[in-house]
Amino acid sequence: MILLDTHIWLWMLHDPNRLSEPVQSAIVLEEPQNGILVSAISVWEIAVKSSLGKLALPLPIDEWYTLAQAHPGIIIEPLNPLDAIASTQLPGDFHKDPADRILIAIARRYDISLLTMDAKILKYPHVQVLS
């Protein structure tokens, strides 16, 4: 099982050439096992950016989501209150972005890799990452 950062999910769906070889391989490996987690917080991030005009989607957000969540291998991980709590208690020093903090909490709870290109997450030593 793997967890996709929001931008990795968008790239997987719309611009897969931006994904590194290791990320592409991990996705291909997990796809047949329905092992690709996408957090509900990523859906929220995409909806917010789309509503603010900071992200252009090829369809209205509700239609886009219907198709995006049906992509093979994708499981939408609901927001778990324990992840919300854990996101406020991450070890070490990490920035305050709530979405990133929740993604890290999910990856830590499942003990799985978070696929990301986010420099702040990649530098955080308390989560497994794949870039």
Side-chain angles (χ1 to χ4, degrees):
M1 191 170 6
I2 54 176
L3 175 64
L4 304 186
D5 199 348
T6 306
H7 64 278
I8 298 293
W9 188 31
L10 286 166
W11 292 353
M12 182 186 85
L13 296 172
H14 301 290
D15 197 2
N17 291 333
R18 293 184 74 176
L19 300 173
S20 69
E21 285 272 334
V23 167
Q24 288 180 26
S25 295
I27 289 170
V28 167
L29 182 67
E30 294 295 337
E31 213 171 51
Q33 303 171 62
N34 292 328
I36 304 171
L37 290 186
V38 172
S39 172
I41 202 73
S42 291
V43 177
W44 173 79
E45 269 192 302
I46 291 167
V48 167
K49 288 182 181 182
S50 175
S51 73
L52 295 174
K54 294 182 178 183
L55 175 65
L57 295 173
L59 298 165
I61 185 66
D62 54 341
E63 293 174 39
W64 177 88
Y65 174 71
T66 298
L67 292 174
Q69 59 87 29
H71 187 277
I74 295 286
I75 300 294
I76 302 298
E77 177 74 10
L79 183 55
N80 182 318
L82 296 177
D83 293 329
I85 293 167
S87 76
T88 70
Q89 301 170 341
L90 296 176
D93 189 30
F94 190 67
H95 72 100
K96 301 298 181 201
D97 181 284
D100 286 352
R101 295 181 73 87
I102 287 173
L103 291 174
I104 288 171
I106 294 167
R108 287 172 52 86
R109 177 168 53 93
Y110 283 114
D111 195 23
I112 59 175
S113 291
L114 172 57
L115 280 57
T116 187
M117 292 300 294
D118 183 305
K120 291 175 183 171
I121 296 173
L122 292 172
K123 291 178 187 172
Y124 184 64
H126 303 286
V127 68
Q128 297 174 49
V129 292
L130 184 62
S131 62

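- The shortest non-hydrogen separation linking Ile76 to Pro78 is O-CD, 3.3 Å.
- Note: Leu13 CG to Asp15 CG = 11.0 Å, rounded to the nearest 0.5 Å.
- Side-chain atoms of Ser113 never come within 3.5 Å of backbone atoms of Ile2 as a donor-acceptor pair (strictly under, hydrogens ignored).
- Asp93 CG: 12 or fewer foreign heavy atoms inside a 6.0 Å radius.
- The side-chain heavy atoms of Trp44 and Leu79, taken from C-beta on, include no pair separated by under 4.5 Å.
- When all heavy atoms are compared, the tightest approach of Met117 to Trp11 is CG-CZ3, 3.7 Å.
- Remark: side-chain polar atoms of Gln69 are paired, donor with acceptor, to backbone N or O of Thr66 under 3.5 angstrom.
- A distance of 10.5 Å separates CE in Met12 from CG in Leu115, rounded to the nearest 0.5 Å.
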Which atom pairs, donor and acceptor, lie under 3.5 Å between side-chain atoms of residues 121-128 and protein residues at least two apart or in another chain?
from: Tyr124; atom 1: OH; to: Pro91; atom 2: O; distance (Å): 2.3
from: Gln128; atom 1: NE2; to: Asp111; atom 2: O; distance (Å): 3.4
from: Gln128; atom 1: NE2; to: Asp111; atom 2: OD1; distance (Å): 2.6

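- The shortest side-chain heavy-atom distance between Ile74 and Trp9 falls under the 4.5 Å cut-off.
- The closest side-chain heavy-atom distance from Ile104 to Phe94 is below 4.5 Å.
- A donor-acceptor distance shorter than 3.5 angstrom exists from the side chain of Arg101 to the backbone of His95, with no hydrogens or angles considered.
- Taking all atoms of both residues into account, the shortest heavy-atom contact from Ser39 to Ile106 is OG-CD1, 3.5 Å.
- Panel note: side chain Gln24, backbone Leu19; a donor-acceptor pair is recorded below 3.5 Å.
- For the pair Ile36/Ile27, a side-chain contact is recorded, criterion being any heavy-atom separation below 4.5 Å from C-beta on.
- Rounding to the nearest 0.5 angstrom, the gap separating the CD1 atom in Ile46 from the OG atom in Ser51 is 12.0 Å.
- The closest side-chain heavy-atom distance from Leu103 to Ser42 is below 4.5 Å.
- Annotation: side chain of Ile41 is not in contact with side chain of Thr6 (no heavy-atom distance under 4.5 Å).
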